[in-house]
K.L.:
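Can you keep this structure in mind? I'll have questions shortly.
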Amino acid sequence: MNLGKKYRTTPEAYMLLQNGLVAFAEIENHGVRVDKAYLDGAIEQVTTRIGVLEEKIRSDPLYERWRRLFGAKTNVGSPEQLSKLVFGELGYQPKLVTAKTGRAAATEAAFEGIDLPFVKMYFKTQKLRKGLGTYLKGVRRELVRHADGDWYVHPSYMLNSVTTFRSSCSNPNFTNVPTRNKMLAEMVRRCYLPRRGRQLVEIDYSQIEVRISYCYHKDPTLGAYLRDPNSDMHADMAAKLFMLPRSRVSKEARHAAKNKFVFPQYYGDFYPRCAESVWNAIEFQGITTTDGSSIKDHLASKGIKAKGKCDPSERPLAGTFEQHVKDIEDWFWNERFHVHGKWKKDWYASYLETGGFQTLSGFGFNLPLSRNDVINYGIQGDSFQCLLKALTILIPELRRRRMRSVVVGEIHDCVILDCPPDETDDVIELACRVMTEDVPRAFPWVVTNLEVEPEICPVDACWFEKYKGRRTDSGWGIVT
DNA sequence: TGAACGAGCCC
DNA sequence: GTACGCGCTCGTTCA
């Protein structure tokens with residue numbers, strides 16, 4: 001043990017925070033334009049829809065049992081009451097428990113496979129409540145009117161509240177605007193507009209955390225995936241996980257392998273939980289191969305018929321899916337990506353020895369952390385430092401060129417700009433150059449290629465109408 | 001009235 | 001042996 005060692009933060013790392021704050025001040029000052037007429041209408045409309053759904057819930061036969069349980073305190077928006085009704089009163093088996101109190105959880109995942117119209121209506125309503133409360137009303141509360149007569153919000157960006165030295169954002173939080181659920185995404189993103197006659201442009205780093213993890217461990221197999229645009233790590237993993245030839249891996253199967261095995265494994269999860277969640281996906285979402293046959297049936301034909309107990313405190317039973325996922329996990333870390341696997345062990349061992357570490361971008365950590373934190377902090381923080389560095393180059397450069405385009409937001413690995421159409425091509429070229437060339441030049445520790453994906457909204461269109469950008473002979477166009 | 005908790009949205 | 005990383009905001013519950 002050598003716990004006397006202190007890992008320092010370099011002057012360069014510190015200066016980037018300071019310059020980053022100056023960039024943030026400018027982003028905050030610009031603000032994002034909001035469609036106030038739409039917002040007011042949406043609040044009214046969604047409020048009505050929630051009322052209608054609540055009325056439907058009250059007319060369901062099961063509502064009477066709910067009311068008998070809670071009497072005057074009955075609240076059709078209470079997760080705890082729903083949980084007590086379904087798992088207590090109706091006797092369904094709870095699948096998940098809450099962290100602190102150990103009660104039956106009331107998350108949507110906890111009700112997966114429970115086929116009651118009542119429950120479906122509840123979660124539909126909750127989704128609308130989320131959109132109304134956190135997002136629509138959250139935006140309206142922050143509205144201010146500019147001299148141009150239009151309405152704006154000015155999200156606050158901070159660099160002092162995240163342990164990994166990522167940024168955070170509040171009032172309103174611009175970094176968690178719905179995107180995955182189409183209904184919510186449209187409801188909320190329609191609020192956000194470019195300035196009149198302009199268009200919103202969003203430029204993302206692709207796979208930045210995977211690329212930055214490579215800068216730490218330099219695993220040659222991962223390096224090959226990153227350099228080869230035709231390779232597809234997640235589809236390859238799906239093939240392995242579902243014992244399929246690569247040609248029979250469907251989009252859904254790839255998605256399940258990526259989000260329920262590869263990413264969780266990257267962040268430090270292990271096989272019992274991965275097996276459970278992958279199995280739930282193939283069972284309840286009915287995931288199929290490219291020819292439409294059930295993956296569950298396919299696994300059965302290969303001799304894997306049962307999920308297994310997936311209890312972390314017990315050894316998996318031979319022949320179960322859990323044992324299969326354990327085998328895949330061993331292969332993943334000890335063969336396929338063995339250099340990355342060894343790095344994780346060595347990096348954590350060094351932390352145990354010295355009590356800290358310094359990230360590639362130069363931040364010193366000297367504090368008690370869990371194994372997963374030790375492995376993840378540097379990768380998460382350094383990925384964001386790439387974006388922050390890009391902002392500190394891009395924003396002064398836009399001003400130096402006397403351009404009217406402005407940066408109006410940032411979301412960990414992407415930048416959002418508000419551009420007059422006659423500047424859009426130049427801004428995209430500039431931002432791409434800064435992000436993929438200037439940043440690696442400024443950060444010698446970035447030892448793999450960085451890539452970006454521009455997305456473009458039509459002129460005067462809201463943030464929901466965002467399309468992949470494509471470089472053509474006449475400049476950047478929209479792929480619809 | 002405020003804190004704790006659970007839930008749900010993002011990367 | 002491992003036990004999913006980092007945030008913000010909201011509504012409910014309860015002291």
Side-chain angles (χ1 to χ4, degrees), chain A residues 70 73 75-84 96-111 122-123 125-139 141-142 155-181 184-185 187-189 204-210 213 259-274 276-277 310-313 315 326 329-330 333 341 344-345 348 369-381 383-384 387 409-414:
Chain A
F70 301 101
K73 290 194 170 144
N75 177 352
V76 290
S78 164
E80 197 183 322
Q81 290 188 10
L82 179 80
S83 169
K84 280 180 175 156
L96 302 166
V97 292
T98 61
K100 307 255 181 198
T101 62
R103 287 179 302 209
T107 57
E108 195 165 6
F111 290 83
Y122 168 86
F123 282 106
T125 317
Q126 285 300 84
K127 198 127 324 239
L128 291 173
R129 285 199 186 94
K130 182 70 183 172
L132 179 68
T134 299
Y135 296 105
L136 297 179
K137 289 187 174 175
V139 169
R141 186 181 321 116
E142 300 296 336
S156 295
Y157 290 90
M158 292 155 283
L159 288 171
N160 64 345
S161 66
V162 184
T163 49
T164 61
F165 295 98
R166 255 195 188 178
S167 60
S168 66
C169 180
S170 65
N171 307 98
N173 183 351
F174 196 64
T175 68
N176 71 345
V177 181
T179 185
R180 202 179 60 85
N181 179 285
L184 268 188
M187 179 202 294
V188 180
R189 285 176 181 250
D204 293 46
Y205 273 120
S206 31
Q207 303 175 291
I208 187 78
E209 289 202 4
V210 178
S213 92
N259 291 300
K260 295 178 188 296
F261 181 78
V262 178
F263 280 177
Q265 286 284 329
Y266 252 78
Y267 291 126
D269 204 356
F270 83 132
Y271 69 88
R273 292 163 48 96
C274 292
E276 172 98 43
S277 81
C310 297
D311 179 346
S313 64
R315 299 176 68 86
K326 182 181 192 306
E329 182 185 278
D330 289 341
W333 290 113
K344 292 208 301 180
K345 283 193 185 118
Y348 184 51
L369 291 171
S370 72
R371 171 182 166 276
N372 281 346
D373 287 347
V374 170
I375 289 161
N376 291 327
Y377 274 20
I379 294 164
Q380 177 178 111
S383 297
F384 172 71
L387 195 271
E410 162 266 307
I411 312 175
H412 308 306
D413 68 351
C414 78

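As the structure is a prediction and not an experimental result, all values here were calculated from the model.
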K.L.:
Within the structure shown, what part of the strands sits under 4.0 Å from A:Ser383 by heavy-atom distance: base, sugar-phosphate, or nothing?
P.N.:
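The residue A:Ser383 makes no contact with any strand.
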
K.L.:
By nearest atom, which of the nucleotides C:dG7, C:dT9, C:dC10 is closest to the A:Ser168 side chain?
P.N.:
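Minimum distance to the A:Ser168 side chain belongs to C:dG7.
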
K.L.:
In Å and rounded to the nearest 0.5 Å, what is the CG to OG distance from A:Leu159 to A:Ser167?
P.N.:
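Answer rounded to 0.5 Å: 6.0 Å.
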
K.L.:
With sequence neighbours left out, write down each residue that passes side-chain contact (heavy atoms from CB on, under 4.5 Å) with A:Ser206, or none if nothing qualifies.
P.N.:
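For A:Ser206, the residues satisfying side-chain contact (heavy atoms from CB on, under 4.5 Å) (neighbours in sequence not counted) are A:Glu451, A:Glu453.
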
K.L.:
A:Met158 has an atom CE; how far is it from atom C1' of C:dT9, in whole Å?
P.N.:
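Between C1' of C:dT9 and CE of A:Met158: 12 Å.
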
K.L.:
Would you say that A:His412 contacts A:Leu387 through its side chain, given a criterion of any heavy-atom pair below 4.5 Å between the two side chains?
P.N.:
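No. Closest side-chain heavy atoms not under 4.5 Å.
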
K.L.:
Can you see whether A:Glu209 engages A:Tyr267 through a side-chain donor-acceptor pair at a distance of less than 3.5 angstrom?
P.N.:
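Yes, A:Tyr267 and A:Glu209 have a side-chain donor paired with an acceptor closer than 3.5 Å.
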
K.L.:
In whole Å, I'd like the distance from the CD atom of A:Glu329 to the P atom of C:dC4.
P.N.:
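From A:Glu329 CD to C:dC4 P: 12 Å.
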
K.L.:
Mind checking whether A:Tyr135 and A:Leu184 have side chains closer than 4.5 Å, heavy atoms only?
P.N.:
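No, side chains not in contact.
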
K.L.:
So does A:Tyr266 get a side-chain nitrogen or oxygen closer than 4.0 Å to the phosphate oxygens (OP1/OP2) of C:dG5?
P.N.:
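False: A:Tyr266 side-chain N/O out of range (4.0 Å or more) of C:dG5 OP1/OP2.
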
K.L.:
Applying salt bridge (Lys or Arg N to Asp or Glu O under 4.0 Å), can you list everything that pairs with A:Lys344, at least two apart in sequence or on another chain?
P.N.:
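For A:Lys344, no residue satisfies salt bridge (Lys or Arg N to Asp or Glu O under 4.0 Å) once neighbours in sequence are set aside.
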
K.L.:
Just checking, is any N or O donor in the side chain of A:Asn173 or A:Ser170 under 3.5 Å from an acceptor N or O on the other one?
P.N.:
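Checked: A:Asn173/A:Ser170 side chains show no N/O donor-acceptor pair below 3.5 Å.
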
K.L.:
Using a 4.0 Å heavy-atom cut-off, does A:Ser370 contact any base of the nucleic acid, only the sugar-phosphate backbone, or nothing at all?
P.N.:
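Here A:Ser370 touches no strand at all.
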
K.L.:
Please classify the nucleic acid contact of A:Thr101 as base, sugar-phosphate, or nothing, using heavy-atom distances under 4.0 Å.
P.N.:
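Sugar-phosphate: the residue A:Thr101, judged by heavy atoms under 4.0 Å, touches backbone atoms but no base.
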
K.L.:
Taking CG from A:Leu159 and C1' from C:dG7, how many angstroms apart are they, rounded to a whole number?
P.N.:
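The answer, rounded to whole Å, is 13 Å.
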
K.L.:
Working to the nearest 0.5 Å, report the span between NZ of A:Lys137 and CD of A:Glu142.
P.N.:
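Rounded to the nearest 0.5 Å, the NZ-CD separation comes out at 15.0 Å.
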
K.L.:
Among the nucleotides C:dC4, C:dC6, C:dC8, which one has an atom lying closest to any side-chain atom of A:Tyr267?
P.N.:
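Looking only at side-chain atoms, A:Tyr267 lies closest to C:dC4.
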
K.L.:
If you assign each of A:Asn173 and A:Asn372 to its closest nucleotide in DNA chain C, which residue comes earlier from the 5' end?
P.N.:
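Per heavy-atom nearest nucleotide, the more 5' residue is A:Asn372.
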
K.L.:
Please work out which residues in residues 126-138 of chain A have a non-hydrogen atom less than 4.0 Å from an atom of DNA chain C and list them by number.
P.N.:
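Residues of residues 126-138 of chain A that come under 4.0 Å of DNA chain C are, in numerical order, A:Lys130, A:Gly133, A:Thr134.
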
K.L.:
Tell me every residue that passes ring-ring contact (aromatic ring centres under 6.0 Å, His included) with A:Phe270, counting only those two or more places apart in sequence or in another chain.
P.N.:
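In terms of ring-ring contact (aromatic ring centres under 6.0 Å, His included), with neighbours along the sequence ignored, A:Phe270 is linked to no residue.
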
K.L.:
Roughly how many Å apart are B:dG6 and C:dC4, using the P atom of each and rounding to a whole number?
P.N.:
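Looking at atom P only, C:dC4 and B:dG6 are 16 Å apart.
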
K.L.:
Can you list the steps and then say if A:Phe384 with A:Phe165 is a ring-ring contact (aromatic ring centres under 6.0 Å, His included)?
P.N.:
CA-CA 8 Å; A:Phe384 172 71; A:Phe165 295 98; over 10 Å; no

K.L.:
Considering only side-chain heavy atoms of A:Tyr271, which listed nucleotide, C:dC8, C:dC6, C:dT2, is closest?
P.N.:
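That would be C:dT2.
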
K.L.:
What is the 5' to 3' range of DNA chain B, first to last nucleotide, that sits under 4.0 Å from any heavy atom of chain A?
P.N.:
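Span of nucleotides near chain A: B:dC5 to B:dC11.
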
K.L.:
Please classify the nucleic acid contact of A:Cys169 as base, sugar-phosphate, or nothing, using heavy-atom distances under 4.0 Å.
P.N.:
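Sugar-phosphate, no base atom in range.
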
K.L.:
Measure the distance from CD1 on A:Ile208 to C1' on C:dG5 and round it to the nearest whole Å.
P.N.:
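Checked: the CD1 to C1' distance equals 16 Å.
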
K.L.:
Pick base, sugar-phosphate or nothing for A:Leu184, based on heavy-atom distances below 4.0 Å to the nucleic acid.
P.N.:
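Sugar-phosphate, no base atom in range.
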
K.L.:
Rounded off to whole Å, could you give me the CD-to-C1' distance for the A:Gln265 and C:dG1 pair?
P.N.:
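From A:Gln265 CD to C:dG1 C1': 13 Å.
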
K.L.:
Dump the pairs, protein N or O against N or O of nucleotides 13-15 of chain C, anything under 3.5 Å, distances to one decimal.
P.N.:
| unit_1 | atom_1 | unit_2 | atom_2 | d |
| --- | --- | --- | --- | --- |
| C:dT13 | OP1 | A:Ser78 | OG | 2.9 |

K.L.:
Could you work out, with side chain to side chain donor-acceptor pair (under 3.5 Å) as the rule, every residue matching A:Lys130, not counting sequence neighbours?
P.N.:
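Once residues adjacent in sequence are excluded, the partners of A:Lys130 under the side chain to side chain donor-acceptor pair (under 3.5 Å) criterion are A:Thr134.
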
K.L.:
Please identify each residue that fulfils side chain to side chain donor-acceptor pair (under 3.5 Å) with A:Glu80, with sequence neighbours left out.
P.N.:
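If we apply the side chain to side chain donor-acceptor pair (under 3.5 Å) test to A:Glu80, skipping adjacent residues, the hits are A:Lys84, A:Arg103.
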
K.L.:
Rounded to the Å, how far apart are A:Asn376 CG and C:dG5 C1'?
P.N.:
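Taking CG of A:Asn376 and C1' of C:dG5, I get 4 Å after rounding.
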
K.L.:
My understanding is that only residues two or more places apart in sequence, or in another chain, count here; which of them pass ring-ring contact (aromatic ring centres under 6.0 Å, His included) with A:Phe263?
P.N.:
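Testing A:Phe263 for ring-ring contact (aromatic ring centres under 6.0 Å, His included), a comparison that skips the adjacent residues, returns A:His234.
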
K.L.:
Select base, sugar-phosphate, or nothing to describe what A:Phe123 touches, counting heavy atoms under 4.0 Å on all strands.
P.N.:
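Answer is sugar-phosphate: A:Phe123 comes under 4.0 Å of backbone atoms only.
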
K.L.:
Please list, chain by chain and in numerical order, all residues satisfying side-chain contact (heavy atoms from CB on, under 4.5 Å) with A:Arg315, sequence neighbours excluded.
P.N.:
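Scan of A:Arg315 (side-chain contact (heavy atoms from CB on, under 4.5 Å), adjacent residues dropped) gives none.
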
K.L.:
Kindly write out the residues that satisfy side-chain contact (heavy atoms from CB on, under 4.5 Å) with A:Ser313, not counting sequence neighbours, or none if the list is empty.
P.N.:
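A:Ser313 satisfies side-chain contact (heavy atoms from CB on, under 4.5 Å) with A:Asp311 once adjacent residues are dropped.
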
K.L.:
Is there side-chain contact between A:Glu108 and A:Gln126, with heavy atoms separated by less than 4.5 Å?
P.N.:
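No, side chains not in contact.
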
K.L.:
Indicate, with a heavy-atom threshold strictly under 4.0 Å, whether A:Arg141 touches base, sugar-phosphate, or nothing.
P.N.:
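Sugar-phosphate contact only.
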
K.L.:
For the pair made of CG in A:Leu369 and P in C:dG5, what is the distance, rounded to whole Å?
P.N.:
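That distance rounds to 12 Å.
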
K.L.:
Of all the base pairs, Watson-Crick or G-U under 3.5 Å, which form stems of three or more consecutive pairs involving DNA chain C?
P.N.:
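Stems for DNA chain C, defined as runs of 3 or more consecutive pairs: B:1-9 with C:7-15.
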
K.L.:
In whole Å, what is the span from the CG atom of A:Asn176 to the P atom of C:dT9?
P.N.:
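Value for this atom pair: 8 Å.
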
K.L.:
At under 4.0 Å between heavy atoms, what does A:Pro178 touch on the DNA or RNA strands: base, sugar-phosphate, or nothing?
P.N.:
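Touches sugar-phosphate only.
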
